[in-house]
K.L.:
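Below is one structure. I have some questions about it.
Numbers restart at 1 for each chain; the letters A, B, ... are given by sequence-line order, proteins then strands.
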Amino acid sequence: MNNKHRVAQGFFNRDVLKVAPELIGKTLVRKHPDGKEKRYTITETEAYRGEKDLACHAKKGRTKRTEIMYHEGGCVYMYFIYGMYWMLNFVTGTKNEPQAVLIRGIEGIDGPGKLAKQLQLDRSFYGENLSTSERLWIEDPQTTIEYDSHTRVGIEYAGKPWTEKKWRFRLKQNSNR
DNA sequence: GTAAGGATTGGC
DNA sequence: CCAATCCTTACT
């Protein structure tokens, strides 16, 4: 008796500006090697949208690192930053349309670096398919939530207008007045 | 305000 | 090869 089910690939094969806000309130499931499944509500995401978006890693085109972003949506994009942290991203859009959603926060863990560390996510998840993976996927709790839109964090290097895009989305707490 | 830390990238 | 840069965090 479980009416939650895994979000299928089609969910991710859409524009990142639709997928990123819709991921808010969804359930991130991590199944550890010991078999234990842990579930977390996604509370904060950020959209990175194509080669034109100067905040997106794909701004320089296809490289070994960004290759996965050119695939169809539904794969995991992991990258290592500042010598310490892995970042969890989900590829979105269609083939050859480099987009990704950075998962910045989940219930109880605020911050993308801390998130990947606690869930034990690293390079080995690069390219993981969310619709078939046995250790990482998304479920739809079928609840209604509200979200706020904000500017993205840590992308000053991109300049305007990219620093001003409100492409960061956060779960609105106390949304039921 | 800023040090930590290592992979990635581009330039030579 | 070399060095600048980086979608962060925790510390003084």
K.L.:
Just to verify, what does A/Arg14 make a side chain to side chain donor-acceptor pair (under 3.5 Å) with, not counting sequence neighbours?
P.N.:
A/Glu22
K.L.:
Minimum heavy-atom separation for A/Trp86 to A/Arg123, with atom names?
P.N.:
CH2-CB, 3.3 Å
K.L.:
Starting at CG of A/Asn89 and ending at P of C/dC6, how long is that distance when rounded to a whole Å?
P.N.:
16 Å
K.L.:
Within this structure, what is the CD1-to-P distance between A/Ile81 and C/dC6, rounded to whole angstrom?
P.N.:
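Between P of C/dC6 and CD1 of A/Ile81: 8 Å.
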K.L.:
What is the distance from CD of A/Glu46 to C1' of C/dT8, rounded to the nearest Å?
P.N.:
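A/Glu46 atom CD is separated from C/dT8 atom C1' by 12 Å.
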K.L.:
Dump the intermediate steps for salt bridge (charged side-chain N to carboxylate O under 4.0 Å, His left out) on A/Lys26 and A/Glu139, then the final yes or no.
P.N.:
CA-CA 6 Å; A/Lys26 293 281 188 295; A/Glu139 289 176 357; over 6 Å; no
K.L.:
Distance check, rounded to the nearest 0.5 Å: A/Leu54 atom CG versus A/Ile155 atom CD1?
P.N.:
9.5 Å
K.L.:
Only Watson-Crick and G-U wobble pairs with both distances less than 3.5 Å should count. Give DNA chain B in dot-bracket notation, marking inter-strand partners with |.
P.N.:
||||.||||||.
K.L.:
Write down the distance between CZ (A/Arg168) and P (C/dC7), rounded to a whole number of angstrom.
P.N.:
15 Å
K.L.:
When the side chains of residues 73-85 of chain A are checked against the rest of the protein, which donor-acceptor pairs come out under 3.5 Å, sequence neighbours left out?
P.N.:
unit_1	atom_1	unit_2	atom_2	d
A/Tyr77	OH	A/His57	ND1	2.7

K.L.:
What are the two closest non-hydrogen atoms of A/Thr66 and A/Gly61, and how far apart are they?
P.N.:
OG1-O, 3.0 Å
K.L.:
Can you confirm whether the side chains of A/Tyr126 and A/Glu67 place a donor and an acceptor under 3.5 Å from each other?
P.N.:
no
K.L.:
Mind listing the closest non-hydrogen atom pair of A/Leu88 and A/Leu28 along with its distance?
P.N.:
CD2-CD2, 4.2 Å
K.L.:
Just how far, in rounded Å, is C1' of C/dT8 from CG of A/Leu88?
P.N.:
15 Å
K.L.:
Taking side-chain contact (heavy atoms from CB on, under 4.5 Å) as the test, write out the residues that go with A/Lys117, two or more places apart.
P.N.:
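Here no residue qualifies.
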K.L.:
Please write out each protein N/O paired with an N/O of nucleotides 9-12 of chain C under 3.5 Å, distance rounded to 0.1 Å.
P.N.:
unit_1	atom_1	unit_2	atom_2	d
C/dT9	OP1	A/Gly111	O	3.4
C/dT9	OP1	A/Pro112	N	3.1
C/dT9	OP1	A/Gly113	N	2.9
C/dT9	O4'	A/Tyr85	OH	3.2

K.L.:
With sequence neighbours excluded, what pairs up with A/Glu107 under the side chain to side chain donor-acceptor pair (under 3.5 Å) test?
P.N.:
A/Thr41
K.L.:
Heavy atom of residues 49-71 of chain A under 4.0 Å from DNA chain B: which residues?
P.N.:
A/Lys60, A/Thr63, A/Arg65
K.L.:
What nucleic acid atoms does A/Ile155 come within less than 4.0 Å of, heavy atoms only: base, sugar-phosphate, or nothing?
P.N.:
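Result for A/Ile155 = sugar-phosphate.
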K.L.:
With a 4.0 Å heavy-atom cut-off, tell me which residues in residues 90-101 of chain A come close to DNA chain B, sorted by residue number.
P.N.:
none
K.L.:
Among A/Lys60, A/Lys165, A/Arg152, find the one that has a salt bridge (Lys or Arg N to Asp or Glu O under 4.0 Å) with A/Asp53.
P.N.:
A/Arg152
K.L.:
Please give the remaining members of the hydrophobic cluster of A/Val29, linking ILVMFWY side chains under 4.5 Å, ordered by chain and number.
P.N.:
A/Trp137
K.L.:
Nearest-Å distance, OH (A/Tyr79) to C1' (C/dT5)?
P.N.:
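The answer, rounded to whole Å, is 13 Å.
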K.L.:
Regarding A/Arg123, tell me which of base, sugar-phosphate or nothing describes its non-hydrogen contacts under 4.0 Å with the strands shown.
P.N.:
sugar-phosphate
K.L.:
For A/Glu128, give me all partners under salt bridge (charged side-chain N to carboxylate O under 4.0 Å, His left out), at least two apart in sequence or on another chain.
P.N.:
A/Arg135
K.L.:
Looking at C/dC6, does its base get a donor-acceptor pair with the side chain of A/Tyr157 below 3.5 Å?
P.N.:
no
K.L.:
Excluding sequence neighbours, so at least two apart, what forms side-chain contact (heavy atoms from CB on, under 4.5 Å) with A/Gln9?
P.N.:
A/Asn13, A/Glu72, A/Asn129, A/Ser131
K.L.:
Before giving the answer on side-chain contact (heavy atoms from CB on, under 4.5 Å), spell out for A/Tyr48 and A/Gln99 the whole-Å C-alpha distance, their side-chain angles and the decisive distance to 0.1 Å.
P.N.:
CA-CA 6 Å; A/Tyr48 289 87; A/Gln99 304 184 336; over 6 Å; no
K.L.:
Is there a continuous path of hydrophobic side-chain contacts, each under 4.5 Å between heavy atoms, that joins A/Leu136 to A/Phe11?
P.N.:
yes
K.L.:
Along DNA chain B, 5' to 3', what are the outermost nucleotides having an atom less than 4.0 Å from a heavy atom of chain A?
P.N.:
B/dA4 to B/dG10
